[in-house]
Number of protein chains: 2
Amino acid sequence: MPTPDRTSVDAIVRAGQDILESAGIAGLTMQAVADRVGVRAPSLYKRVRNRDDLVRLITEATIRDLGERLAVIVAGSDPRRELAELARAFRAFAHARPRGYQLIFAPRSDLAGPSIVLTHAVEPVLRVTANLAGEDHALDAARTLTAWANGFVSMELAGAFKLGGDVDQAYEYGIARLADALAR
Amino acid sequence: MPTPDRTSVDAIVRAGQDILESAGIAGLTMQAVADRVGVRAPSLYKRVRNRDDLVRLITEATIRDLGERLAVIVAGSDPRRELAELARAFRAFAHARPRGYQLIFAPRSDLAGPSIVLTHAVEPVLRVTANLAGEDHALDAARTLTAWANGFVSMELAGAFKLGGDVDQAYEYGIARLADALAR
DNA sequence: GTCTATATTTCGATAGAC
DNA sequence: GTCTATCGAAATATAGAC
């Protein structure tokens with residue numbers, strides 16, 4: 001062993017997530033990541049192909065993190081309550097890690113959309129909407145729910161709610177209305 | 001008049017909108033805009049402060065374009081039908097000009113969120129939700145509706161709907177459910 | 001696998017003549 | 001107001017020694 005490993009893909013991705021939240025996507029440079037994991041920038045290219053590849057890995061790790069938060073909520077008992085808790089957990093995640101969240105649904109230069117990882121992460125939503133709206137409408141209902149939640153927090157993070165009013169309460173209003181609307 | 005004006009802010013912004021749609025935000029360089037309007041790049045700085053300023057102007061022009069599409073729909077007669085038509089026009093605009101649309105709700109490096117222009121553009125939505133849900137719930141209902149529509153087309157443009165099914169029909173499903181849910 | 005050194009490229013922005 | 005010429009700055013990525 002001439003030169004032992006001083007870092008790893010996992011450490012690089014975690015460092016990238018931290019830098020993303022603190023410095024934004026523009027601050028996520030190979031140099032910044034290298035500084036944080038304690039190697040020189042060129043060494044990163046032994047672990048990741050290039051910067052786009054790193055951004056992809058960071059995005060997928062973030063989707064997995066979100067999926068874990070959602071997965072623990074659904075037990076199958078009370079779909080209406082679980083819908084509300086899914087929605088609140090979704091928003092809380094976006095508030096806690098806004099830059100990573102924005103990466104999930106960001107338009108890609110790459111042609112491929114969000115990976116299969118996203119499909120896995122939203123599986124709890126499908127379980128709830130199946131219970132609430134029935135199997136036949138589970139997919140349409142899940143798309144309605146996730147579209148609303150994603151749109152709401154995206155607009156919130158972008159500072160698009162400028163007409164006053166209580167934004168927290170607007171979110172609870174949406175939860176209640178959607179739960180009514182999707183219940184068969 | 002030693003040197004007559006060979007371009008204008010309007011021409012620059014329109015050129016920027018075209019380049020944005022064809023080449024993406026990364027392709028929106030001062031050089032590309034200058035080529036299209038027929039001047040040299042440094043001349044642009046007599047009209048716009050810098051690239052960020054140009055992007056801001058392009059975003060606001062796009063919001064105004066969207067607002068014009070929405071404004072012609074609302075007559076006050078049938079709120080449920082008008083809600084559906086607003087939603088469809090919103091989605092059609094996003095499909096026709098995806099990059100410009102994505103700019104509207106994109107996270108800003110700038111601290112300021114979308115300008116007052118957006119407030120004006122969504123005014124038709126408020127008129128419809130006031131008729132549908134009552135004045136007391138007009139704002140919450142408008143936020144629910146715009147969040148859903150924005151979230152839906154954002155996910156669509158990002159390629160996030162990967163579980164099959166008919167996406168057009170999922171949108172119509174959402175329209176119907178939201179119209180029910182928001183009607184008082 | 002990590003390092004130093006550097007190539008490359010690209011683009012935003014300015015200076016000053018006309 | 002537009003032009004030529006150029007600066008300045010940054011960041012990705014590679015080459016080759018150890």
Side-chain angles (χ1 to χ4, degrees), chain A residues 1-60 99 102-103 106-112, chain B residues 1-61 99 103 106-112:
Chain A
M1 280 189 228
T3 50
D5 292 11
R6 272 170 230 181
T7 187
S8 65
V9 173
D10 271 8
I12 290 169
V13 170
R14 271 193 294 268
Q17 288 180 304
D18 290 346
I19 293 165
L20 176 66
E21 294 304 334
S22 59
I25 185 68
L28 182 66
T29 67
M30 300 303 275
Q31 183 62 53
V33 174
D35 286 350
R36 180 171 271 254
V37 298
V39 300
R40 299 292 180 168
S43 301
L44 299 177
Y45 290 87
K46 293 287 179 182
R47 313 278 182 179
V48 301
R49 197 185 319 261
N50 52 36
R51 184 180 180 274
D52 280 354
D53 191 42
L54 175 58
V55 171
R56 183 184 58 79
L57 291 171
I58 291 172
T59 305
E60 294 188 355
R99 317 274 195 170
Q102 286 164 338
L103 221 45
R108 295 216 172 354
S109 53
D110 184 345
L111 299 152
Chain B
M1 277 192 230
T3 50
D5 292 11
R6 273 171 228 180
T7 186
S8 65
V9 173
D10 272 8
I12 289 169
V13 169
R14 271 193 295 268
Q17 289 180 303
D18 290 347
I19 292 165
L20 176 65
E21 294 304 333
S22 59
I25 186 68
L28 183 67
T29 66
M30 301 301 276
Q31 183 63 53
V33 174
D35 286 349
R36 180 171 271 253
V37 299
V39 300
R40 298 292 180 170
S43 301
L44 299 177
Y45 291 87
K46 293 288 179 183
R47 314 278 183 178
V48 300
R49 195 185 320 261
N50 52 35
R51 184 178 179 275
D52 280 355
D53 191 42
L54 175 57
V55 171
R56 183 185 57 79
L57 291 170
I58 291 172
T59 305
E60 293 188 355
R99 317 273 196 170
L103 222 44
R108 296 222 172 349
S109 53
D110 183 345
L111 300 152

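Throughout, a chain's letter reflects where its sequence line sits, starting with A, and its residues are numbered from 1.
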Tell me the interatomic distance from A:Arg6, atom CZ, to C:dT2, atom C1', rounded to whole angstroms. 6 Å

Please report the shortest heavy-atom distance between B:Val37 and B:Ala11, naming the atom on each side. CG1-O, 3.6 Å

Atom CD1 of B:Ile12 and atom C1' of D:dT2: how far apart are they, to the nearest Å? 12 Å

Just N and O in the side chain of B:Ser43: are any of them under 4.0 Å from OP1 or OP2 of D:dC3? yes

Between the protein and nucleotides 15-18 of chain C, list the N/O to N/O atom pairs that are separated by less than 3.5 angstrom.
none

With sequence neighbours excluded, residues passing side-chain hydrogen bond (donor to acceptor under 3.5 Å, both in side chains) with A:Asp10: none

Evaluate the side-chain proximity of B:Val48 to B:Val13: yes if any heavy-atom separation is below 4.5 Å, no if none is. no

Determine whether B:Arg108 and B:Thr59 make a side-chain contact, defined as any pair of heavy atoms from C-beta on separated by less than 4.5 Å. yes

Determine which pairs satisfy salt bridge (charged side-chain N to carboxylate O under 4.0 Å, His left out) with at least one residue from residues 49-59 of chain A, sequence neighbours left out, and list them in order. A:Asp53-A:Arg56, A:Arg56-A:Glu60

According to salt bridge (charged side-chain N to carboxylate O under 4.0 Å, His left out), who are the partners of B:Asp18, at least two apart in sequence or on a separate chain? B:Arg36

Between A:Arg47 and A:Asp5, is the closest basic N to carboxylate O distance under 4.0 Å? yes

Rounded distance in Å - CG (A:Leu44) to P (D:dA13): 11 Å

Restricting to side-chain contact (heavy atoms from CB on, under 4.5 Å), what partner residues turn up for A:Ser22, sequence neighbours left out? none

Within residues 21-41 of chain A, which residues have any heavy atom lying less than 4.0 Å from an atom of DNA chain C? A:Val39, A:Arg40

A:Arg99 and its side-chain contact (heavy atoms from CB on, under 4.5 Å) partner, picked from A:Ile58, A:Ile19, A:Ile25, A:Leu20: A:Leu20

A:Asp5 has an atom CG; how far is it from atom P of C:dC3, in whole Å? 12 Å

Looking at C:dA13, D:dG1, D:dA13, which one has an atom nearest to any side-chain atom of B:Arg47? D:dG1

Between C1' of C:dC11 and CG of B:Asp52, the distance in whole Å: 13 Å

What is the distance, to the nearest angstrom, from the OH atom on A:Tyr45 to the C1' atom on C:dT8? 13 Å

Interatomic distance, B:Asp53 CG vs C:dA13 C1' [rounded to whole Å]: 14 Å

